[in-house]
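Indexing begins at 1, ligand by ligand and atom by atom, following the structure's order.
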Amino acid sequence: MGTLRFSAVEKANSRYPQEVKFPAGKTSEYFGVNVFSKRKMQEYLSQEAFASVIEAIDRGTKVDRKVSNQIASGMKAWAVDRGATHYTHWFHPLTGATAEKHDAFFEPSSDVSVIENFDGGNLVQQEPDASSLPSGGMRNTFEARGYTAWDPSSPAFVMGSTFCIPSVYISFKGDSLDYKTPLLKSIEAVDRAAVELCNYFDKSVSKVYIGLGCEQEYFLVDDALFNARPDLKLTDRTLMGHSSAKDQQLADHYFGYIPMRVSAFMREFEIEAYKLGIPVKTRHNEVAPNQYECAPVFEEVNLAVDHNQLLMTIMKRVAKRHNFKVLFHEKPYKDVNGSGKHCNWSIITDSGTNLFAPGKTPRTNMLFLTFFISVIKGVFEYQDLLRSSIVSLGNEHRLGAAEAPPAIMSVFLGSEMNKILDELEARVSGKKMSPDEKTELKLDVGKIPEIMPDNTDRNRTSPFAFTGNRFEFRAVGASTNVASPMIALNTIVASQLKEFKNEVDKLIEKGVKKDEAVFQVIKQFIVSSKKVRFDGNNYSDEWKKEAEKRGLSNVNDVLDALSAMVADKSKALFSEMNVLTPRELDARLEIDIEKYTKKLQIEARVLGDLSINHILPTVYKYQNVLIENVKGLKELFAEKDFEKLAGTQLASIREISSRAAMVNIKVNNMIDERRKSNVIDDVGEKARMYADNVKPYLDEIRYQIDHLEMIVDDEIWPLPKYRELLFIR
Ligand code: ADP
Ligand code: MG
């Protein structure tokens, strides 16, 4: 008993930092070596093929079959030079992970030799037999063929010995079965709406880019300790464990010295990331012990999403060499902070103007205000949809837990921008402006400061903050495929930009001058979205009350929050913006709900097994020691002395008995509830039963076990304790 725990602790404590082999030369010399970049395309492709790929990347055009053969052969030549033996379409199914099915480049030929084969057909389309991936009932098994199709806008890359081709994944009937397809459509929707609006101010804008920079938080744990915790292994989080006497109280981890073992790991995954063209830039310790963060420089959103998924994969792989496990779970440990993934988001024109950066002139600032207020109104109008894009079983532990924003969506603007919006609201009357009034207004708008120092990192409690030149969506969980919040946010903002333009056009038709019309619509948007603006402490109880008064929604239940995805309003929005059909949304909701139920089911099973097979036997063993002790005392001492001497042991025996009995009863009750839920066919109803009837037992059982951990002899406790898991030597 206890031996696995102690040998794991010993192992973890005797580790040394791994030596990191640096590639020769400066970072710039190996940055992107494993990416089939534009420069390499130029080298490996014919002029015709190169032009056609660039056209596809920049304009979204289709690559024709003949050219695709040329491209494939150039790609293969490069990939083989980089040591690839296999290729795969690399895609993002709705599991949240990425998927790949490798095929060898070669085909056996009639004699003993093999020929290397990879043509345009293999490049453009694949039919993985992926019938086990979730489809929300959209792919009947008799037509279990989904197919993957090359996404030229994200460059192909070599990982290990595999050439990976970023791809979309769709059903045979054309329904999207992945995150990338709707993400690309949402990017198109923003592009269409934003360009039209920009053209009011600047005719030269013909395309916009969405920028995304993800701050990825994670925990590290020694792999020996991880392997001694079946709950971490199977559910990514600890289902039990009394808090450590010391954890984050002293705030001595945040931004602190990075342990050598950890910095070696960071160096190595950064090198691997650089080779894949991922521009990781910052790294630091986070608030909780063993918690860290890394962030790349922001990139075009489709690429940034691919890169974030890739980065998570690389981190997991590299961790192995350093005897670490990386935990992306939103709340691996109770009572210390969980992990999020702030999504920094902006829109930039083809001439490089960031539309969320206040400029120098009234004209550029009108453009800025137009986009700025459209985002704020979008968050207000579609708060429920936005929330539905980030909730999950894991994130539920984090949101609202005094460390992450609550389930209320609000926007932090900072005092400067709030003042400007208030002034604009007061000034624009809706009546025709005199030339003087107009000039004054423009002068005011021209004075918006370019840099807002109080915005960069002020309000850490807001779920959605304006940080000077971008918005930061902070409610996103660490394990999320960020395509999900990006699809929602892009689509919402596209709809608001479109509405903005429609409103302006209506006024212009009525004879209002363009500039004045823009000001009037800015005011309309300011007025209608006012309630969502909040600069105070989002963690406070007062905010909950205030938000309720304002009529903002606060949905803590994951299943309820998810269902907003299929509300009529959401379906109408996604259809109008041509991003997702109602059928696709229904399927997505079903998949998310099933994921929720299955994860809960696994947690309940693991906790049940651990309770019965690990905890209770240990507890009884210790109880026997106490009983023996009491018996001995009874033999040795007279009744009067005995009662005095055995009081503590007897109390412990009683406490152990009652807590052990509770664990036993509750595990059995939980199993019963699972049985009742498992026979329900309706996906939603079953999930509801799991949430209401099974889930509460996880906390109740844990509560008893965590108390038992404090009583039972440390020598025989079977699982590594928090104080062992949370500190890297
Ligand atoms: P913080 O102050 O929140 O720690 P950082 O300066 O480290 O922020 O940046 C966090 C992320 O925001 C990085 O990925 C960074 O590239 C990204 N970012 C910065 N400016 C923009 C922008 N205009 N649009 C999108 N992301 C941006
Ligand atoms: Mg940040």
A side-chain contact here means heavy atoms from C-beta on lying under 4.5 Å apart; do Ser339 and Phe219 qualify? yes
Name the option, out of Glu215, Arg474, Lys281, Arg470, that contains the heavy atom nearest to atom 6 (O) of ligand 1. Arg470
Contact between ligand 1 and Glu472 is defined here as a heavy atom of the residue under 4.0 Å from a ligand atom; is it met? yes
Is the closest N or O pair between Asn344 and ligand 1 shorter than 3.5 Å? yes
Apply side chain to side chain donor-acceptor pair (under 3.5 Å) to Gln291 and Asn285, showing your working. CA-CA 6 Å; Gln291 193 189 24; Asn285 288 5; over 6 Å; no
Subset of ligand 1 atoms that lie under 4.0 Å from at least one heavy atom of Val297: 16 (O)
Hey, could you give me each pair passing side chain to side chain donor-acceptor pair (under 3.5 Å) that has a residue in residues 302-318? Not counting sequence neighbours. His92-Asp306, Asp151-Asn302, Ser153-Asn302, Ser154-Asp306, Lys180-Asn302, Lys180-Asp306, Gln216-Asn308, Glu299-His307, Asn308-Lys341
Does Lys377 come within less than 4.0 Å of Glu381, counting only side-chain N to carboxylate O? yes
Determine whether the side chains of His322 and Glu268 contain a donor N or O and an acceptor N or O closer than 3.5 Å. yes
Please work out, at 4.0 Å between heavy atoms, whether the side chain, the backbone, both, or neither of Asn354 comes within that distance of ligand 1. side chain
Using a 4.0 Å heavy-atom cut-off, which part of Pro296 comes near ligand 1: side chain, backbone, both, or neither? backbone
Check this for me - ligand 1, Phe298, N or O atoms closer than 3.5 angstrom, yes or no? yes
Taking NZ in Lys281 as the centre, count heavy atoms belonging to other residues, nucleotides or ligands within less than 6.0 Å. Is the count above 12? no
The option among Ser346, Gly213, Ala357 carrying the non-hydrogen atom nearest to atom 22 (C) of ligand 1 is Ser346
